[in-house]
Amino acid sequence: MAFHTNVFRGGEWVTQTVDLHAVLKLQAAPKAPMKHSPSKGPTCGLLTRTVVESALANSILPVRLRCAENNDVAFVGVSLPGSLVRRRSLAADILHQDRFVQICELRENGRLDEIIRKNDFGCRIRNACVVGSFIIPDLKDEGSPVSSSRPTIKIEDGGPGLFGLSPPRPSSPSTQLPPQFLMVVLESGDSVFLFVRPGPDGKPEFVTTGSGSPRIRNPYPGFHLAIDPSSRYVALAGATDYFVVHELESHERLNQRYLGNEPLNPVRSLHMRSVRGVIHKIAFLHPRPGDHHHIILLLVLVRNGQSRTVIYEWELESNLESVFAEEKYGHRLPVEHRMPLLLIPLTAQSAFLFITRDRLTVCTGCLHGPPKFENYPLAADVRPTADHHGRGQPLWTAWARALRLQSFKKHRDCIFLAREDGVVVFIDLDQVDVGSVNRMDTFPCSISRAFACLFDPCTDVLMMGSESGPGGYWKIPPRESSELLGPLPNWAPAVDFATTDDFSEWHHEDMVPWQQGQLRKPDRVFSTCEGGGSGTGAITEYRYGLKAVIGLDLEYGAGMKQAWLLTSHRSAPDDGYLLLLSMPSHTAALLLRSDFSNAREAAADSTPYDLTSATLALTSFGRVAVQITTRYMVLSTDRRSARFPLQDLGGLSNASVSDACILDDCIVISAHVDLQFCLYVFRVDQISLTVAHVQTLEVDGEVTCLSPGIDTTVLAGVRKSQRTFLAYASLRQACDRLEMVDLTDCLTDKNDGFGAGSLSPVEGIATIVSIQNTVFLGTRSGEVITVKDIGGSMSINCEKFGTTTANLNHNHHAGTNDPTILVSCDHSLVAISTPLDGNCRGATAQLKKFRVWPVDNSDLEAPSPPVHYATAVGIPAGDGITPVLMISGSRLLLAELHHQPGPVHGRIPLNGVPNRVYYCKSTQCLIVSVTYDDRPNLVFINPETGEDIGLPTDKSGNSQEYVSGLGKQGDRIMGVTEWNYKRDGSVWNWILVTTKAGRLIVLSTLKVAGTGKDGQPLIRFWTRYKKEVAGGPIYSVLGYDEGVIYGVGNTVQWEMLDMKDRKLKPLKAHRLDSPATSLRISHGKLIVLTSRESLVVLDHLDDGGVAAPQALTTRICHVDPWRRNGIHFIELAGPLSEEDETGAVVLLADREGGVGGLWVPWEMPERECEVVLEAELGASIRRFRRGRTRPVWEQWAGRPMYGRRPATVDDADILGVALNGGMYHFALLGVQGWRLLRFIQNAALGSEEVCPLRRQRRDRDQDDFDEDLEPRMDAGLEMHVDGDILQRCLEKRALERLVVRPEHVSRLVELLAELDDGRYTEGFADEGDLGRYFQLAYDILGYYLRPVL
């Protein structure tokens, strides 16, 4: 039976005869299962944490925060009104990025040392000031026996100020309040008072006390902040409407409370006064001499385009309610003075200065009527410097009062005035008469509000912070040029950043899944820093670890293996040093002066040591120094020495010496005859300087190294039949053999996994270091093995540090109780801190590892040198410093190793302003867009050397300054990316460049060998195609197969490359409501990020992944349900297999500091994206990038576990950089991992120990705290976990104090048991030990908070 039906075929409807039996047979055939499309997005959380904090300090305040003798300075990260972020809920405010207060001390040698840092304020800092004062008393007569070159700083005692009622009592500094407090005003309106005192462990700690504010809605509390000269009143104001005056307690009263262990409560009362208009400036004026009880508050108000000065004045202890009972009208200011840039109170006649762009105005007589004005020109003829940003005239940004002796201050006032482009003038006033306005040196940095003058016995020290590039601090000697003491690091603004990762997506066909991945060299991270002006831009490399400041850099020659610096010897000059260098065939000796200013070769007959052969070991015990070389044993004292040929010692006549070690008066030498290795033990007589042979131990295998152990134990590395052993024997009594530990068997059984399968074979032990009951072994294949004796049983762990030999040295001179091991491997240096307190499980659980970065303060832009050997040396050093001697190829470096880890960023200078950086995989270099004199160009940077290896040419190869299409006046590069053009099975690697003027440029590159510096290859590049597009700037560009997609104006344009005509031809376009700032292809569709409409998904490709020529239109298939001001996005965590139907998550950053997680329903067109999570950060993320940046030893330790979801197929880390230079890390959490971490965070939010200021605000406001710590799955901010809060929980080990209630403890146990089906808690319940659960929680926190750099 047949029938006719209509079918759609070939683009039209046709009639066809269909057989009924065939149709029924087709219907009866088994159907393939249909793939189910998920109707709901995945449930996941987001863990964010700060990897590198921004160094941008908006306020620098000299403050005596510990005692009067410490020359401290506070760096405060103050948020500006323009950076105010949104608040969707209380949780958003709580999770908001903290700002910081960092206290440093300026030492007498000009070094700036960090003392303590605080960043747990719970919300941002709006403003800060110093409460209290100190004076510099007059110097004694020069002939007086008590005169001193350094004046003693004492507390003011001449007035009723906060710290001026009485001199300090003769007691210890820890029992007295310091002369000054630091007051910070938070964005919540609360005020916090801080000072620093020694903690129970002797380390500095902050003491804080808070004060509330009137609960009146004001978006900018603390926008204005002024402190009375007597430090008894503080005025706070927003931008409009009202101001608040805080009356403070006296220092005498506060000190009584402090000694009585009572709450300080510095604020006695506060009073509010409303005003009409905008509060432009607010300040307290100085009273007349002898009238310290007189308080004068000055406001500059602007209303209806007119400015007025308003003065409120009262006596100390007056009733402020009556003082502010009525609003005062004030006096109108002339038009030329109505909007001053700065208001500076003078110390005489209650006068003040108005600073405008080109004028200095002295204002007097304001207490008795309208102020009188006297104008002076202010550097009107000084042209803008190279550090100026902007097209107009630079503005004056900050001022600082110079510190002078008390007798000088009675009649004179000295002001430093700073301009934003680095110009500083010195204003000298006699009473209110301007004596002189002298321009000082132009400083090579832009100057922000962070500007201060610090105390120095002989001169002024100016500190200048910058919002664009690094600042610095200079000594200003009288009648001499300024002298740079040191830089103030700053790598903001970071407009763009890149990693050296080979991929840019969550999935790529060439990726190796993380389950099969191998150890690799960590990726590097680079960002742009615009600098202060046209010639000060740079590329910043993000690095974290310990800084080693190079002091001595000596070029000696290749071949150095080890080095020893001796401080007690006969041949060295007085108070100098002798440096011995072990070379392949001999030992070199150098004589160094005590200040390391000079080095010279030591004659062989002037030193008792053997210089004819290589040194194997050298140490001293008692008064005897012992040297073992391959030919001699040398014993030396201050008066005599003895040298013994090894061939004359027992058993060594025909042996070849390979290694040696010294254990007090015992010497062990490893030697072999043919293939038989033996250990020869000798004993030294210190009185007669003789040596006696004690015993010989035969070794079954090759002895690879020797080292002393504890309790006169010798340790040896042995290699036999491709297996590695640790051998040991006690030398206290005679023994006939060595005890052997088979490390190969132990490590194979443990099988921690350095690769996809079994453990990498250990090739042999190269060095051994013993610390108490722990032995560290460095292997020839780059591992560090830890062997620890725990209760009679042996625990063995292994970590990979690289691929070359891991050389270990014990740091005996760290200046701390915790010993440190220096590991040199893969031309880098790593410091391992080993606090052996026994509080943690496992041999490696206590180890903290940090990369050591040698830097030269005299050339901060030089690359960090490689390190092949390092050892600590015993020379004088300050607290927190360890002198380290390093070998770097042919260079010998002596450096000061700092104990405090932090950013140690590298800097690659550019003679222009960079705005884009891209890592090009095909050329293996950084492509940077730089603007020179308002003309754009490209720079190709070698990441290893920092050199420009680009060679712009025309198509014929002729050298050009700019390639065709670049170098146009006023233009700017907007986008740089790589285009792998594919056609007919071939691939061409091109570079796509777009500009502000609408130019689309396609560049070709070619490596030219042997044409660069020192014969290095250059990258030649030229323009292959170019096109000028009408419609506005080209904000974004994307290359795929044979086509190019770019966003020009508000349009997304598709174009194809016509190889015949050699042109890009339009294919189709789609109009949007705002510019497309970022493009990406995924699932055959185009993801577009717009500046105002957030994420838009366009359907534009056919099934083959190539644009269909016949499809001339596109359609929107998915949109973000929220309208965000998008900045950047990244796609991650897509389906890892065909069975995984959850789909990808797109992380999206907006301009308000928010990060959203969107799920795109790819299989359901015309459906909105689903918001699966939300987060709030302290700064808006400028760019997302993926990268495998973790150190080698962290790479396999961090494989997905504990409920973490891999963000990419190869488990790369997701990083984000903000405009202020801060770097953030993002990790996706499964439901189990999110629930556990969010539970811990909820507990921490109610803790005064972890979140102290938030707890104080809650207690003061009597807010009900939700004791239910259970996380709520709301697909919003609850899905965000703040890793910075978890970091404080881990550092304080506070879990036992956070989770106290029985129901909370039970819930924590349940959450731990839910992870990976109870894999980690197996057997815990049988033991009934809650400590194991808490330790597991600490292990999980440590896993999530591992170092990223």
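If you read the sequence from its start, that first residue is 1, and numbering goes on from there.
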Kindly determine whether Phe451 and Thr397 satisfy side chain to side chain contact (heavy atoms under 4.5 Å, CB included), including the steps that lead there. CA-CA 9 Å; Phe451 181 74; Thr397 57; over 6 Å; no
Between Tyr919 and Phe526, is the ring centroid distance below 6.0 Å? no
Can you name the residues that form a salt bridge (Lys or Arg N to Asp or Glu O under 4.0 Å) with Arg520, not counting sequence neighbours? Asp523
From the options Asp948, Val939, Asn915, select the one residue that forms a side chain to side chain contact (heavy atoms under 4.5 Å, CB included) with Val930. Val939
Does Arg117 have any side-chain hydrogen bond (donor to acceptor under 3.5 Å, both in side chains) partners at least two apart in sequence or in another chain, and if so, which? Glu53, Gln102
Can you give me every donor-acceptor pair (side chain of residues 862-872, partner residue at least two apart or in another chain, under 3.5 Å) with its distance?
unit_1 : atom_1 : unit_2 : atom_2 : d
Ser864 : OG     : Pro854 : O      : 3.0
His868 : ND1    : Gly889 : N      : 2.9
His868 : NE2    : His827 : ND1    : 3.1

Does either side chain, that of Asp595 or that of Ser597, offer a donor lying less than 3.5 Å from an acceptor on the other one? yes
Polar side-chain atom of Asn490 near backbone of Gly469 as donor-acceptor pair, under 3.5 Å: yes
Who passes salt bridge (Lys or Arg N to Asp or Glu O under 4.0 Å) against Arg1182, sequence neighbours left out? none
Taking all non-hydrogen atoms of both residues into account, name the closest pair between Ala806 and Val784 and its distance. CB-CG2, 4.4 Å
Once ring pair (Phe, Tyr, Trp, His ring centres under 6.0 Å) is applied, do any residues pair with Trp853, and if so which ones, sequence neighbours excluded? none
Residue from Ile832, Asn809, Leu829, Thr767 passing side chain to side chain contact (heavy atoms under 4.5 Å, CB included) with Val823: Ile832
With sequence neighbours left out, the residues meeting side-chain hydrogen bond (donor to acceptor under 3.5 Å, both in side chains) with Lys475 are none
Between side-chain atoms of residues 1215-1223 and protein atoms elsewhere (two or more places apart, or another chain), which donor-acceptor pairs fall under 3.5 Å?
unit_1  : atom_1 : unit_2  : atom_2 : d
Asn1220 : OD1    : Gly1222 : N      : 3.0

Is it the case that the side chain of Thr385 and the backbone of Asp421 share a donor-acceptor pair, with hydrogens and angles ignored and the cut-off at 3.5 Å? yes
Could you list the residues that satisfy side-chain hydrogen bond (donor to acceptor under 3.5 Å, both in side chains) with Thr587, not counting sequence neighbours? Thr615
So, using ring pair (Phe, Tyr, Trp, His ring centres under 6.0 Å) as the criterion, who are the partners of His586 when residues are at least two apart? none
Short side-chain to backbone donor-acceptor contact, Ser466 and Ser446, under 3.5 Å: yes
Please identify each residue that fulfils ring pair (Phe, Tyr, Trp, His ring centres under 6.0 Å) with Tyr473, with sequence neighbours left out. none
Within the side chain of Thr804, is there an N or O that forms a donor-acceptor pair under 3.5 Å with the backbone of Asp826? yes
Check ring pair (Phe, Tyr, Trp, His ring centres under 6.0 Å) between Phe801 and all other residues, then give those that pass, not counting sequence neighbours. Trp1193
Would you please name every residue forming a side-chain hydrogen bond (donor to acceptor under 3.5 Å, both in side chains) with Glu555, sequence neighbours left out? Ser890
Any donor-acceptor pair under 3.5 Å from Arg1190 side chain to Pro1347 backbone: yes
Under the 3.5 angstrom rule, does the side chain of Asp1213 hit a backbone N or O of His1225 as a donor-acceptor pair? no
